[in-house]
Amino acid sequence: MVMKILLFFLLMGCGLLGFSQQSQHLTVMTHDHLTVTTNREGLNKFARWAQFPKKGLPIRKVLMHVTLGCPDSIPCAHWDYLDHITLLRSGGMQGKNCQLELGRLITPYGSQFKRGWHFTWTTDVTDFKQELRDSVLVEYAHSGWEPQNVGWSLTILFEIFAGRSVIETDSIHRLWQGSFLYGDSAKSIEERLGPMYFESKTSKSSFRLRIQQTGHGMDSPGNCSEFCPRWRKLLLDGKSFDQKNIWKECGDNPLYPQGGTWVYDRGGWCPGDLPPADCYDIIVGKGNHRLDLTMQPYKATGSPQAAENIAAYLMAYKGPFAKNDVALESILVPN
């Protein structure tokens with residue numbers, strides 16, 4: 001027997017991975033085969049309450065599974081629209097107002113899909129586990145202007161693994177969240193975003209920067225931001241620690257075939273895609289610190305249409321409670 005064991009050390013990857021064989025496995029469904037359509041305003045919101053574990057239960061890992069299918073009563077929708085999945089409130093009606101984006105789904109070109117078709121995407125949302133407690137309100141916001149005689153059947157299922165984590169989220173701070181014009185000669189995107197400041201109260205504090213970013217709209221001269229590759233640079237206290245090309249190849253999309261232009265590469269996303277977040281683990285000393293997000297210089301001719309849709313959060317950690325975080329992630333043979 002050949003086995004592959006993946007060792008995950010402290011703060012590797014996006015989300016805290018691994019669970020013991022004795023850990024409790026729970027599932028929570030917020031949206032159960034809900035028929036989702038557009039409306040005349042261009043944004044149709046579907047918010048649902050669900051009961052998550054109590055605060056006393058230690059949680060090690062949380063996965064969010066999002067399934068779209070063709071509804072029983074109407075055909076599948078046709079176009080690639082940007083949809084946001086947001087944790088609105090935690091702890092009941094009088095609980096905490098969160099407004100945290102758990103993930104974003106770009107709907108596929110569905111004109112070729114028939115009744116009975118469905119597809120599931122999975123993303124790690126462990127970073128938000130402290131808010132996924134008790135009674136939680138989760139919203140699926142579907143954009144677009146298609147007629148209401150087409151749509152999607154939506155299911156959102158959270159898979160929760162109980163157990164003590166090597167490190168715990170202490171607090172979550174919203175940084176940049178929204179749609180920001182890119183290429184506007186009157187005001188740069190950096191001015192619209194602005195620097196963000198945070199404080200470390202100890203000589204060695206651990207934080208995680210989590211960013212979802214996709215580009216949308218088309219203008220001249222570069223067809224930004226949907227069809228133009230461009231870089232994003234992140235700086236901590238004035239020093240660059242990451243530069244990424246915001247671009248994604250769509251020809252290897254696991255959801256295929258689709259109708260339309262699904263094979264064309266795009267600005268950080270593809271049709272029929274749940275893009276993973278970019279995660280950066282940061283260790284800083286005591287005092288105040290500054291984060292900056294800058295984009296490759298670009299100026300649109302005429303009225304700017306390009307927009308960078310960003311949801312960025314800073315997670316402050318407490319711990320670690322162990323030296324290593326080790327997990328058996330997969331067995332390749334036998335399958």
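Note that the structure is a prediction, hence the values are computed from the model and not measured.
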Legend entry - Minimum-distance pair of heavy atoms, taken over all atoms of Ile167 and Ser206: CD1-CB, 4.4 Å
Legend entry - Inter-residue atom distance Glu139.CD - Leu88.CG, 0.5 Å rounding: 4.5 Å
Legend entry - No-hydrogen, no-angle side-chain donor-acceptor test under 3.5 Å, Tyr81 and Glu146: no
Legend entry - Trace of the side chain to side chain contact (heavy atoms under 4.5 Å, CB included) decision for Val66 with Ile85: CA-CA 10 Å; Val66 183; Ile85 304 168; 3.7 Å; yes
Inset, instruction - Sort out for me which residue in Asp273, Asp83, Thr214 forms a side-chain hydrogen bond (donor to acceptor under 3.5 Å, both in side chains) with Arg104. - result: Thr214
Legend entry - Test disulfide (SG to SG under 2.5 Å) applied to Cys228 - qualifying residues, sequence neighbours left out: Cys224
Legend entry - Where at least one partner belongs to residues 99-118, residue pairs that pass ring pair (Phe, Tyr, Trp, His ring centres under 6.0 Å), sequence neighbours excluded: Trp79-Tyr109, Phe113-Trp117
Legend entry - Nearest-0.5 Å distance, CG of residue Leu68 to CG of residue Leu274: 9.5 Å
Legend entry - Arg89 (side chain) donor-acceptor with Gly95 (main chain) under 3.5 angstrom: yes
Inset, instruction - Could you tell me whether the side chain of Glu191 and the main chain of Ser188 form a donor-acceptor pair under 3.5 Å? - result: yes
Inset, instruction - With rounding to the nearest 0.5 Å, note down the distance linking CG in Leu102 to CD in Glu131. - result: 10.5 Å
Legend entry - OG1 on Thr107 to NE2 on His142, rounded to 0.5 Å: 6.0 Å
Legend entry - Whether over 12 other heavy atoms sit under 6.0 Å from His173 NE2: yes
Inset, instruction - Mark yes or no for whether Arg115, through its side chain, and Asp72, through its backbone, hold a donor-acceptor pair below 3.5 Å. - result: yes
Inset, instruction - Please list all pairs passing the salt bridge (charged side-chain N to carboxylate O under 4.0 Å, His left out) test where one or both residues lie in residues 301-310, with sequence neighbours left out. - result: Arg230-Glu308
Inset, instruction - Verify, without hydrogens or angle tests, whether Tyr182 (side chain) and Gly215 (backbone) share a donor-acceptor contact under 3.5 angstrom. - result: no
Legend entry - Cluster link Val138 to Leu34, ILVMFWY, side chain under 4.5 Å: yes
Inset, instruction - Scan side-chain atoms only and decide if His216 and Glu226 contain a donor-acceptor pair under the 3.5 Å cut-off. - result: no
Inset, instruction - Can you run down the disulfide (SG to SG under 2.5 Å) pairs that involve residues 82-167, sequence neighbours left out, and say none if there aren't any? - result: none
Legend entry - Verify same cluster id: Phe158, Leu137 (apolar side-chain graph, 4.5 Å): no
Legend entry - By ring-ring contact (aromatic ring centres under 6.0 Å, His included) - contacts of Phe241 (at least two apart): Tyr280
Legend entry - Residues Lys129 and Ser165: side-chain donor-acceptor under 3.5 angstrom: yes
Inset, instruction - Taking ring-ring contact (aromatic ring centres under 6.0 Å, His included) as the test, write out the residues that go with Phe119, two or more places apart. - result: Trp121
Legend entry - ring pair (Phe, Tyr, Trp, His ring centres under 6.0 Å): pairs with one or both residues in residues 245-266, sequence neighbours excluded: none
Inset, instruction - Taking all non-hydrogen atoms of both residues into account, name the closest pair between Ile156 and Met64 and its distance. - result: CG2-CG, 4.0 Å
Inset, instruction - Might you point out which heavy atoms bring Ile74 and Gln148 nearest each other, and give the distance in Å? - result: CD1-O, 4.0 Å
Inset, instruction - In sequence, state the C-alpha distance, the side-chain angles, and the governing distance for Leu100 and Thr86, and then conclude on side chain to side chain contact (heavy atoms under 4.5 Å, CB included). - result: CA-CA 5 Å; Leu100 300 172; Thr86 306; 5.6 Å; no
Show every donor-acceptor pair shorter than 3.5 Å between a side-chain atom in residues 44-57 and any protein atom, with sequence neighbours excluded, or say none if there are none.
residue, atom, partner, partner atom, Å
Asn44, OD1, Asn39, ND2, 3.4
Asn44, ND2, Thr37, O, 2.8

Legend entry - Connected via hydrophobic side-chain network under 4.5 Å: Leu87 and Val28: yes
Inset, instruction - Provide the closest heavy-atom pair for Gly272 versus Leu255 in the form atom of the first, atom of the second, distance. - result: CA-CD2, 3.9 Å
Ignoring hydrogens and angles, write down the donor-acceptor pairs under 3.5 Å from the side chains of residues 233-240, residues two or more places apart or on other chains.
residue, atom, partner, partner atom, Å
Asp237, OD1, Arg290, N, 2.8
Asp237, OD2, His289, ND1, 2.8

Inset, instruction - Give the intermediate values and the outcome of side chain to side chain contact (heavy atoms under 4.5 Å, CB included) for residues Met295 and Glu190. - result: CA-CA 7 Å; Met295 294 294 300; Glu190 286 80 9; 3.9 Å; yes
Legend entry - Presence of salt bridge, Asp127 and Arg208, under 4.0 angstrom: yes
Legend entry - Ion pair check, Lys318 and Glu168, cut-off under 4.0 Å: no
Legend entry - Polar side-chain atom of Thr301 near backbone of Ser220 as donor-acceptor pair, under 3.5 Å: yes
Inset, instruction - Search all heavy atoms of Thr38 against all heavy atoms of Ser143 and return the closest pair with its distance. - result: CG2-O, 3.6 Å
Inset, instruction - Report yes if some heavy atom in the side chain of Asp80 is under 4.5 Å from a heavy atom in the side chain of Trp269; otherwise report no. - result: yes
Inset, instruction - Calculate, to the nearest 0.5 Å, the distance between atoms OH and OG belonging to Tyr317 and Ser171 respectively. - result: 11.0 Å
Legend entry - Residues which pass ring-ring contact (aromatic ring centres under 6.0 Å, His included) with Trp176, listed by chain and number, not counting sequence neighbours: none
Legend entry - hydrophobic_cluster_shared for Ile106 and Ile246, side chain cutoff 4.5 Å: no
Inset, instruction - Check salt bridge (Lys or Arg N to Asp or Glu O under 4.0 Å) between Asp219 and all other residues, then give those that pass, not counting sequence neighbours. - result: none
Legend entry - Donor + acceptor pair across side chains of Thr294, Arg232 (<3.5 Å): no
Inset, instruction - Check whether any side-chain N or O of Glu159 sits under 3.5 Å from a backbone N or O of Leu26 as a donor-acceptor pair, and report yes or no. - result: no
Legend entry - Least distance between heavy atoms, Ala77 atom then Val150 atom: CA-CB, 3.9 Å
Inset, instruction - Say whether His65 and Thr67, considering side chains only, have a donor N or O and an acceptor N or O under 3.5 Å apart. - result: no
Inset, instruction - Run the numbers on Phe198 and Asn288 for side chain to side chain contact (heavy atoms under 4.5 Å, CB included), then give the verdict. - result: CA-CA 6 Å; Phe198 66 99; Asn288 294 317; over 6 Å; no
Inset, instruction - State, yes or no, whether a side-chain contact exists between Cys76 and Ser111 at a heavy-atom distance under 4.5 Å. - result: no
Legend entry - Residue pair Thr261 / Arg266, side-chain donor-acceptor N/O under 3.5 Å: yes
Inset, instruction - Could you tell me whether the side chain of Leu175 reaches within less than 4.5 Å of the side chain of Leu209, counting heavy atoms only? - result: yes
Legend entry - Side-chain heavy-atom pair Pro229, Asn245 within 4.5 angstrom cut-off: yes
Inset, instruction - Calculate, to the nearest 0.5 Å, the distance between atoms CE and OG belonging to Met218 and Ser225 respectively. - result: 11.0 Å
Inset, instruction - Could I get the full list of ring-ring contact (aromatic ring centres under 6.0 Å, His included) partners for His78, not counting sequence neighbours? - result: none
